[in-house]
2 protein chains.
Amino acid sequence: MEQHEISKAVIRRLPRYYRYLGDLMDAGVERISSAELSAKMNVTASQIRQDLNNFGGFGQQGYGYNVKYLYNEIAKILGLDNVHNLVIIGAGKLGQAIANYSSFEKRGFIIKAMFDNNKDYFGRKVGDIEIMNVDELSDYLSNNNIDIAAITVPKEAVNPIADILVKCGIKAVWNFAPVDLELPKGIIVENVHLLDSLMQLSYNLTEYEHTR
Amino acid sequence: MEQHEISKAVIRRLPRYYRYLGDLMDAGVERISSAELSAKMNVTASQIRQDLNNFGGFGQQGYGYNVKYLYNEIAKILGLDNVHNLVIIGAGKLGQAIANYSSFEKRGFIIKAMFDNNKDYFGRKVGDIEIMNVDELSDYLSNNNIDIAAITVPKEAVNPIADILVKCGIKAVWNFAPVDLELPKGIIVENVHLLDSLMQLSYNLTEYEHTR
DNA sequence: TAGATTGTTAATCGATTAACAATC
DNA sequence: TAGATTGTTAATCGATTAACAATC
């Protein structure tokens, strides 16, 4: 059966559905209709049903969706039923912030090690996670089952790091440096550009001042 | 003259254009055609021209675009010709990472103060930026010209903070907590959901493994 | 002037919304 | 069974791409 390509817009919304369903579950809600969820999330009920039906029929006519079931199904779609091992490259404040953030671990993203080129850091720990010499990165990746590398180094340091990652067969890169990383086909890249986000905010702020 | 609404998709691309033009400027490139830029950025030349023409005609037939001029014009569109004063609420690792990140200051985003509820932090500094008692937030906002508040506190702490910010007339909030903040109309909210981003990465990773 | 490349209109494509038959 | 609400098809809307006349 030929599966049609799911659009990026849909995939961007999945974690949001997941978050709201998690909150509903915590609140003890057992079932919800697309109309009710629509009201909470400020999206149309139609869009919710369309989005979900890309992956299967998770609801029941006349009833709606079972919150817990849908929550778990979305988790599967997002691959959260598998554990993913991460390393963080760059042990500065941002790398440490990520290492510290317990919600990642809760969703199966396990941070195994951090790397830096500053020898003052070597051997220190962030929580349980050891900071290692970046010279050992290549060896480490060869001997451990790491799926994802988070890059939190300065712009200039990204390319040499990326070369090592590609050479060692990394599957995915979560990049925080302000460059659009180009890696060989098949390697997933997810960029987080904080400055871009702040500039979008600034645009909206400026826009607002212009038009009122 | 009635100005038509610019779509979010366009606004999301502006910082990216800005970034590439900055790189070109640094590389000493004086002019560029939409076709050349298109090749570098993996977008169509048509889209570049359409996007820019939402804001004005910045190019010249037969010549292309002057890199420096276009760079500065986009800066104006994004509101980067004005200085924006920020406070950071939440002095944990993520707040510190943002406080430390010099690129923000370079673009006119000036971090004035940080706030936390943990008294161990009070009076400490991150770089030049003092960490204050969150009880003083309201007073501080009243007496200083702050446009933007970055929120880097845990989920549970967001709503009381948001109430204070709204009461003190904050213009924009840059929210890092995993909730979709609902503020009164006119207040700009930009959410950065790192876990959502990681889940999208996970989806793509899983997708890839399914379909090859 | 001839060549290049924009600005802009028209065509296409894809995503969102509406509508409703299927069905619990 | 009647009512509710999904899954899904069709209609609409908006964004992207193509094409080309305008013009430097």
Side-chain angles (χ1 to χ4, degrees), chain A residues 1-17 20-21 24 29-74 77 200 203 207, chain B residues 1-17 20-21 24 29-74 77 200 203 207:
Chain A
M1 188 182 64
E2 179 62 30
Q3 188 112 11
H4 84 113
E5 186 73 25
I6 309 289
S7 82
K8 276 187 190 164
V10 173
I11 297 159
R12 255 203 305 271
R13 286 191 291 265
L14 289 176
R16 195 157 174 264
Y17 293 134
Y20 276 82
L21 289 164
L24 286 167
V29 178
E30 266 184 29
R31 53 173 280 231
I32 193 158
S33 69
S34 57
E36 288 169 297
L37 191 55
S38 145
K40 277 193 193 299
M41 296 186 63
N42 287 321
V43 297
T44 64
S46 210
Q47 180 161 78
I48 293 172
R49 295 202 302 276
Q50 285 276 25
D51 283 352
L52 296 176
N53 278 89
N54 281 304
F55 303 99
F58 302 121
Q60 200 166 82
Q61 283 95 333
Y63 172 86
Y65 299 87
N66 179 288
V67 172
K68 197 166 183 179
Y69 174 71
L70 185 55
Y71 180 80
N72 287 325
E73 288 300 312
I74 294 179
I77 294 166
Q200 286 170 51
Y203 172 88
E207 254 271 319
Chain B
M1 187 182 64
E2 180 62 28
Q3 187 109 13
H4 84 114
E5 187 72 26
I6 309 290
S7 82
K8 277 187 189 165
V10 173
I11 296 161
R12 255 201 305 270
R13 286 191 291 267
L14 289 176
R16 192 155 176 263
Y17 293 135
Y20 276 82
L21 289 164
L24 286 166
V29 178
E30 267 185 29
R31 52 172 282 230
I32 193 157
S33 69
S34 57
E36 289 169 295
L37 191 56
S38 146
K40 276 192 193 299
M41 295 186 64
N42 287 321
V43 295
T44 62
S46 210
Q47 180 162 75
I48 294 173
R49 296 202 300 278
Q50 286 275 28
D51 282 353
L52 296 176
N53 278 89
N54 282 304
F55 303 99
F58 302 121
Q60 200 165 81
Q61 283 95 332
Y63 172 85
Y65 298 86
N66 178 290
V67 172
K68 196 168 185 178
Y69 173 72
L70 184 55
Y71 180 81
N72 287 326
E73 288 300 312
I74 294 179
I77 295 166
Q200 287 169 53
Y203 172 87
E207 253 272 318

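Everything numeric here is computed off the predicted structure, so don't read it as measured data. Convention: sequence-line order gives letters A, B, ...; per-chain numbering from 1.
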Student: What is the distance, to the nearest angstrom, from the CG atom on B:L52 to the C1' atom on C:dT6?
Tutor: 11 Å

Student: Polar atom pairs between nucleotides 16-18 of chain D and protein, under 3.5 Å, N or O only, would you list them?
Tutor:
residue	atom	partner	partner atom	Å
D:dT16	OP1	B:R13	NH1	3.1
D:dT16	OP2	B:R13	NH2	3.0
D:dT16	O5'	B:Q47	NE2	3.2
D:dT17	OP2	B:T44	OG1	2.9
D:dT17	O4	B:Q50	NE2	2.5
D:dA18	N7	B:S46	OG	2.7
D:dA18	N6	B:S46	OG	3.4

Student: In whole angstroms, how far is the P atom of C:dA4 from the CD atom of B:E36?
Tutor: 13 Å

Student: Specify the closest pair of heavy atoms between B:P15 and A:Q200, including all atoms of both residues, with the distance to one decimal.
Tutor: CG-CG, 4.1 Å

Student: Considering non-hydrogen atoms only, spot the tightest contact between B:Y63 and B:E30 and give its length.
Tutor: OH-O, 4.3 Å

Student: Is B:Y63 close enough to C:dG7 that one of its side-chain N or O atoms is under 4.0 Å from OP1 or OP2 there?
Tutor: no

Student: B:I6 CD1 to D:dA15 P: how many Å, rounded?
Tutor: 10 Å

Student: Looking only at heavy atoms, which two atoms of B:S38 and B:V43 are closest? And how far apart?
Tutor: OG-O, 2.8 Å

Student: Can you measure A:L37 atom CG to D:dT6 atom P for me and round it to whole angstrom units?
Tutor: 10 Å

Student: Can you tell if the side chain of A:I77 reaches within under 4.5 Å of the side chain of A:F58, non-hydrogen atoms only?
Tutor: yes

Student: Does either side chain, that of B:T44 or that of B:Q47, offer a donor lying less than 3.5 Å from an acceptor on the other one?
Tutor: no

Student: Can you tell me the distance, in whole Å, between the CG atom of A:L70 and the C1' atom of D:dG7?
Tutor: 14 Å

Student: Within a strict 4.5 Å, meaning less than it, do heavy atoms of the B:I6 and B:F55 side chains meet?
Tutor: yes

Student: Looking at B:G62 and B:R31, what are the two nearest heavy atoms and their distance?
Tutor: O-NH2, 4.5 Å

Student: Measure from CD on A:E5 to P on C:dA15 and round the result to the nearest Å.
Tutor: 10 Å

Student: From the list C:dT8, D:dT8, D:dT5, which nucleotide is the closest neighbour of the side chain of B:N53?
Tutor: C:dT8

Student: Mark yes or no for whether B:N54, through its side chain, and B:D51, through its backbone, hold a donor-acceptor pair below 3.5 Å.
Tutor: yes

Student: For A:Y65 and D:dG7, is the shortest distance between a side-chain N/O and OP1 or OP2 below 4.0 Å?
Tutor: yes

Student: State, with a plain yes or no, whether a side-chain heavy atom of A:L52 is found less than 4.5 Å away from one of A:Y65.
Tutor: yes

Student: Note every stem involving DNA chain C: at least three consecutive Watson-Crick or G-U wobble pairs, i with j then i+1 with j-1, with both distances under 3.5 Å.
Tutor: C:3-24 with D:3-24

Student: Taking CD1 from A:I48 and P from D:dT8, how many angstroms apart are they, rounded to a whole number?
Tutor: 17 Å

Student: Specify the separation, in whole Å, of atom CD of B:Q61 and atom P of D:dT23.
Tutor: 7 Å

